[in-house]
Amino acid sequence: MDYLTSNTVTGGVSDQIKIVALSGSFDRSNADSIRQKLIQVTAKPPALVIVNLSRVDFIDSTGLATLVYGVKQARLMKGDLRLCGLKSSTRIIFELTRMDKVFEIFLTEQDAIHSFGLTEN
Amino acid sequence: MSNLHTQDQVVTSLHKEIELAHRVQHGLLPQAPPNVAGLDIGAALQSAYRVGEYGVGGDFYDFLPSRRYMLTSNDHANSLTGDMLEDNPSLNSRPVTNDAFTFIVGDICGKGLAASILMSMTRIVLRMVTLELRENTSTGVDPAIIIDHANSILYDEFSNIGVFATVFVGSYDPVTQLLVYANAGHSPAIYIQAQRGETCGYSRLLTADGTPLGVLPVSENASRRHPKNHYLHFRSGDVLLIGTDGLLGGLDQSGSSSAGYDQLLKRVETIADYPAHSIVEYMINRSDQPNDDIISDHHNNQELVESSKLNRDQMGHSNPPKDDQALVVIKNTSELLQSPHPAQKFPNLDIRAFQNK
């Protein structure tokens, strides 16, 4: 699992939304390091975070728990953690566990960025 | 040299700790399925995290039968005795009685010792809530309420450490033959309706409609959080399989869980006539075999069980599975009980009446 964290580059909102892009398998073997990353990006309010899962092939229950931890932290910090780009094999895991009720899920990263409703300068 | 000696001591000590944890975990689980009137029940558990022969994990199951429907050694296994049929006021007032047999299957995210500690905590909370509701004359052992109360107790603790637990809770009353269940983020259970007359048997997935325990707080909009109760007329010959996700993992060869479940449904339909313990044995030992000819080759129960065990040995199943696995199988083996369809008693309920595929 690799991950890349970046700020959005959409003018005035660039510093407000953090994007964490993951790839490979998201499971017990790498959940701790991703959890640390989510703690980092949700440290200051408002914590507006997008996790891009478009390159994630597999997520297990520990991966899901890590995202749940992240969304709780983000909401505590007056923000939200939203997901985008789920492959069908990953999406069905969210649907079967009803985690699709917990997260706002978008098709593309741009959709997720726009969902925060921030206006550009 | 002293470092090696210390390492050996640490390893030995760890082995002992795991062995102790294994004994505690398995000691807490039901030692054998209960003898509930008209039901044949099988269950098994395998842990992915093992040291030597001892394993611990986060999957669990539990059975909470009431005294009313427990069989004694003198009772005929498939029939309800006079005491069980005596007037039970709660049967006439609400679908979930105080005496219903309650069963629970759960899965804590993660594996190993940490998951096993949380498993014990979760199981105790669910048990405590269920036993309290058994005394509550206004609710009975209502699965959705059990899950909701357990979530309210566990939410803060689970949030602090970043975990959740999926649970499937069912309550079944042998007199009304009404099975009520609620599914909080748990793997789909499988319901197999037996063939009746000219009506073919068929199977269906009972998927979750609520989030797991520890994910959404009590303050969250209830319709988003709560699993709802669902109702099944669970009649003679019907079978229910409730497993954890580890049981399905090996089946999914295509990368799609839906394909995995389609495969699973086809497989369980062919073994539904076997006793519950044989279905458990077969499913646990064959869970990573996508193309399976065992059923067509073996026609009686003993052959099925023996062949499943042989397969386990051939496939190296003495090695731990990739994920924890738990499975409970419940079959209705009651002799024909002339009870009315529960819909006559509870016309307002949406009792699932699936159509054939």
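Throughout, a chain's letter reflects where its sequence line sits, starting with A, and its residues are numbered from 1.
- Looking at residues two or more places apart in sequence or on another chain, you find a ring pair (Phe, Tyr, Trp, His ring centres under 6.0 Å) between B/His26 and B/His22.
- Interface remark: of the candidates A/Arg98, A/Gln73, A/Arg28, A/Arg98 forms the most heavy-atom pairs closer than 4.5 Å to chain B.
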Side chain to side chain contact (heavy atoms under 4.5 Å, CB included) between A/Leu64 and B/Phe164, intermediate numbers included = CA-CA 9 Å; A/Leu64 287 176; B/Phe164 62 79; 3.8 Å; yes
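- Ranked by heavy-atom pairs under 4.5 Å with chain A, the list B/Val215, B/Thr166, B/Asp107, B/Asn183 is led by B/Val215.
- Listed by sequence position, B/Tyr155, B/Ser159, B/Ile161 are the residues of residues 150-161 of chain B in contact with chain A, using a 4.5 angstrom heavy-atom cutoff.
- Residues B/Pro188 and A/Leu96 meet the side-chain proximity criterion, which asks for heavy atoms closer than 4.5 Å.
- Chain A forms more heavy-atom pairs under 4.5 Å with one residue of B/Ala184, B/Ala208, B/Gly110, B/Ala115 than with any other, namely B/Ala208.
- Ranked by heavy-atom pairs under 4.5 Å with chain A, the list B/Gly214, B/Pro212, B/Gly185, B/Ser187 is led by B/Gly185.
- Counting heavy-atom neighbours within 6.0 Å of A/Leu107 CG, excluding the residue itself, gives a total of 12 or less.
- Top candidate by heavy-atom pairs under 4.5 Å with chain B, chosen from A/Lys87, A/Glu95, A/Met99, is A/Met99.
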